[in-house]
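Note sheet for the following structure.
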Amino acid sequence: MKSKKRVRSSKTVPSDKLEMLYRGILDTALDCIITMDAEGRVLEFNPAAERVFGFRRQEAVGKELAELIIPPRMREQHRRGLAHYLKTGEGPVIGKRIEIAGVRNDGSEILVELAITALKIDSSPIFTAYLRDITERVRNDRRRLAQYTVASLLAGSWTLAEASPAILQTIASIGDWVLSGLWIYDEKIGTLRCRAFWEMGSDKLKEFGQLSQAVQFRMGEGLPGRVWESNEPAWIYDVRADKNFPRAPAAREAGLCGGFAFPLFAGRAVNGVIEMFTYHVVEPDPDLLQLVVALGSQIGLFIERRRVEQELERAKENAEAASAAKDRFLATLSHELRTPLNPVLLWADGILNQPGLDPEMEQGLRMVCRNVELEARLIDDLLDLTRIARGKLQLRLQPTDAHELIQHAIEIVRADVDCRHIQLSVTLEATSHQVNVDPPRMQQVFWNILRNACKFTADTGIISVRSHNSAPDSITLEITDTGIGIEPAFLEKIFDAFEQLEMRREGLGLGLAISKAIVEMHGGSIRAQSEGSGKGATFAVTLPVAS
């Protein structure tokens with residue numbers, strides 16, 4: 001077994017070759033390249049590392065890497081890992097690509113993708129770290145997920161009180177926000193009142209949230225009041241020193257510093273405000289401002305719908321009018337959610353119509369169009385969650401090839417599979433695969449299962465897709481992954497709306513609930529199998545074949 005240690009496979013290079021090995025690529029590399037000796041001290045710090053981390057090479061060389069760019073909470077772990085490698089020749093991160101936090105010269109944290117290689121120079125190990133700043137990418141992913149999540153929560157909730165805790169937590173997750181509050185306009189007294197708040201788990205923060213619920217603000221007063229007055233988002237660099245922040249003493253006690261709030265719109269009227277706080281000074285963020293405009297419209301429309309519903313409940317004799325108002329609201333909300341997709345689709349279609357388009361570009365643009373169109377259909381499906389619960393969802397059945405549906409769903413996730421080097425095996429053995437289904441909705445089911453398989457399968461894992469005729473009058477399509485698995489006791493719960501298991505705490509828990517409802521409406525069944533945590537999972541969809 002000792003002969004298999006990675007240290008044995010490291011090449012031994014004379015010390016006078018060090019410059020030849022590194023200097024040629026250090027200055028021109030786009031990625032950060034940092035070399036470290038066996039004592040954990042920096043030997044090289046290339047220009048890309050200077051730009052990302054804010055240290056000059058002269059400052060970095062000779063310093064311990066742990067004290068330089070590793071967050072304080074992770075430094076001892078780094079040192080233990082280095083000591084373990086020096087003792088055994090093995091390290092959990094050597095030769096692997098991981099995502100990890102880093103710290104810049106100004107104390108701010110970033111997220112980096114890290115790969116470390118080790119080789120010997122004159123019998124002494126030298127470590128080379130390749131780092132790429134992925135903070136922006138991760139932030140954008142979080143913001144896209146937040147918009148999707150808020151839309152899903154609103155689509156699946158009857159009241160704002162039911163949805164607000166998850167909405168506030170979702171919006172706070174966009175950045176380093178530790179507390180968020182929802183302020184609603186009270187028509188009876190003409191003020192804004194805090195109806196709900198979320199905090200990250202601190203007694204001091206909870207006290208600040210409870211104080212917020214006990215106060216009211218008029219137009220122009222406090223952070224919510226100034227947003228209400230201006231109809232625009234507002235930033236406060238430091239709430240402790242702001243002259244128009246009555247809760248400053250409580251904020252100081254809770255350790256809060258930066259504040260941000262944005263309006264909730266229904267048409268042109270502000271009917272609420274969401275505020276967020278952090279432990280740090282905040283700077284205006286144009287991308288965040290663009291996102292909260294969409295979120296404020298979605299939530300504001302939801303509040304307006306609830307207000308309309310309450311009025312209609314007081315006039316039960318006008319039930320038909322109430323139903324029509326709900327339908328109009330759903331149509332309006334659907335339009336608002338679909339609006340950002342339209343420019344993308346129009347642009348892609350326009351490029352596709354240009355003569356002499358490169359075949360590879362054409363294929364990519366067609367994939368963009370297909371995915372945007374599917375996204376629009378998924379938005380409509382999420383808005384139909386309530387109709388599913390009430391048995392009012394309508395299917396448009398037609399003869400369809402089940403193999404074509406699963407192949408289309410595979411193409412949608414193909415880019416993610418290839419990017420993460422996941423092995424995809426497709427074995428379609430069913431001889432009878434003609435089914436009578438609603439194609440877009442059934443494709444949604446397969447896409448949702450494949451997306452989950454990709455999400456919970458590690459890089460270089462395996463996903464297998466198989467079809468067979470489980471009986472003469474039915475077809476079964478199985479999607480198996482080597483991912484994190486599911487404890488047997490939780491196999492039935494994963495199909496419940498909003499159910500999130502500890503081992504799979506991603507997303508909303510809506511996708512499988514919607515998929516189960518759609519499959520059962522087609523006279524089929526969906527089931528999950530897993531031997532437990534870390535042992536992968538299999539999802540099987542069985543449908544009747546067309547006679």
Side-chain angles (χ1 to χ4, degrees), residues 144-145 147-149 151-156 330 333-334 337-338 341 345 366-417 426 428 433 435-456 463 465 467 475-479 481 494-499 506-528 537 539-544:
R144 283 193 295 270
L145 177 61
Q147 192 165 8
Y148 168 85
T149 301
S152 301
L153 284 166
L154 294 175
L330 289 174
L333 182 57
S334 176
L337 292 173
R338 293 168 64 103
L341 301 178
L345 189 57
R366 292 194 184 282
M367 181 192 67
V368 170
C369 292
R370 187 167 58 249
N371 279 274
V372 170
E373 290 168 350
L374 179 59
E375 181 84 8
R377 289 199 299 270
L378 290 179
I379 290 172
D380 290 338
D381 289 340
L382 286 171
L383 294 174
D384 280 334
L385 185 63
T386 301
R387 293 191 179 98
I388 290 176
R390 299 171 66 184
K392 293 189 176 182
L393 185 67
Q394 295 182 351
L395 299 177
R396 296 177 176 86
L397 303 178
Q398 63 185 67
T400 309
D401 189 332
H403 286 174
E404 289 185 4
L405 289 177
I406 193 72
Q407 291 283 15
H408 289 163
I410 290 172
E411 288 305 312
I412 295 174
V413 301
R414 176 74 66 179
D416 191 34
V417 169
V426 181
L428 303 180
H433 43 85
V435 291
N436 196 34
V437 299
D438 185 328
R441 295 199 182 278
M442 193 53 61
Q443 183 175 315
Q444 176 192 351
V445 172
F446 294 138
W447 168 78
N448 184 59
I449 299 173
L450 283 165
R451 183 191 61 172
N452 283 346
C454 292
K455 183 190 301 183
F456 298 113
I463 296 176
V465 179
S467 78
I475 179 174
T476 296
L477 297 106
E478 296 180 348
I479 299 173
D481 63 68
I494 61 174
F495 294 105
D496 295 337
F498 303 109
E499 185 66 34
E506 292 189 37
L508 290 171
L510 284 178
L512 289 176
I514 294 174
S515 297
K516 183 175 185 292
I518 291 174
V519 170
E520 291 180 349
M521 289 178 68
H522 284 87
S525 64
I526 182 171
R527 67 182 187 279
F539 285 81
V541 175
T542 300
L543 295 168

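Considering only residues two or more places apart in sequence or on other chains, V368 meets the side-chain contact (heavy atoms from CB on, under 4.5 Å) condition with V344, A348, V372. With sequence neighbours left out, T542 forms a side-chain hydrogen bond (donor to acceptor under 3.5 Å, both in side chains) with T476. Evaluation of the side-chain hydrogen bond (donor to acceptor under 3.5 Å, both in side chains) rule for Q398 yields no partner, not counting sequence neighbours. Judged as a salt bridge (Lys or Arg N to Asp or Glu O under 4.0 Å), and not counting sequence neighbours, the contacts of R366 are E362. The side-chain contact (heavy atoms from CB on, under 4.5 Å) test applied to R451 returns Y148, W447, N448, not counting sequence neighbours. Legend: residues meeting ring pair (Phe, Tyr, Trp, His ring centres under 6.0 Å) with H403, ordered by chain and number and at least two apart, are H433. Take R527 and apply the salt bridge (Lys or Arg N to Asp or Glu O under 4.0 Å) test, not counting sequence neighbours, and it matches no residue. Residues that satisfy the side-chain hydrogen bond (donor to acceptor under 3.5 Å, both in side chains) test with E411, not counting sequence neighbours, are R414.
The backbone N or O of R396 sits less than 3.5 Å from a side-chain atom of D438, completing a donor-acceptor pair.
Taking each heavy atom of A409 and Q443 in turn, the nearest pair found is CB-O, 4.3 Å. Scanning both residues, G523 and P544, for their nearest heavy atoms gives O-CD, 3.8 Å. The shortest non-hydrogen separation linking A402 to I475 is CB-CD1, 4.1 Å. Across every non-hydrogen atom of L405 and P439, the tightest pair is CD2-O, 3.8 Å.
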Discussion item. Working note: V445 + V541, criterion side chain to side chain contact (heavy atoms under 4.5 Å, CB included); need CA distance, chi angles, decisive distance, verdict.
Written reply: CA-CA 9 Å; V445 172; V541 175; 4.3 Å; yes

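Taking 4.5 Å as the limit, some side-chain heavy atom of Q407 sits within range of a side-chain heavy atom of V426. Between C454 and V417 there is a side-chain heavy-atom pair separated by less than 4.5 Å. Looking at heavy atoms from C-beta onward, T400 lies out of side-chain contact with N436 at the 4.5 angstrom threshold. Residues L395 and R441 form a side-chain contact, since some pair of their non-hydrogen atoms from C-beta on lies under 4.5 Å apart.
With values rounded to the nearest 0.5 angstrom, F446 atom CZ is found 10.0 Å from I410 atom CD1. With values rounded to the nearest 0.5 angstrom, S515 atom OG is found 8.0 Å from N452 atom CG. Put simply, CD1 on I449 and CD1 on I479 are 5.0 Å apart, with the number rounded to the nearest 0.5 Å. Atom CG of L397 is separated from atom CE of M521 by 9.0 Å, given to the nearest 0.5 angstrom.
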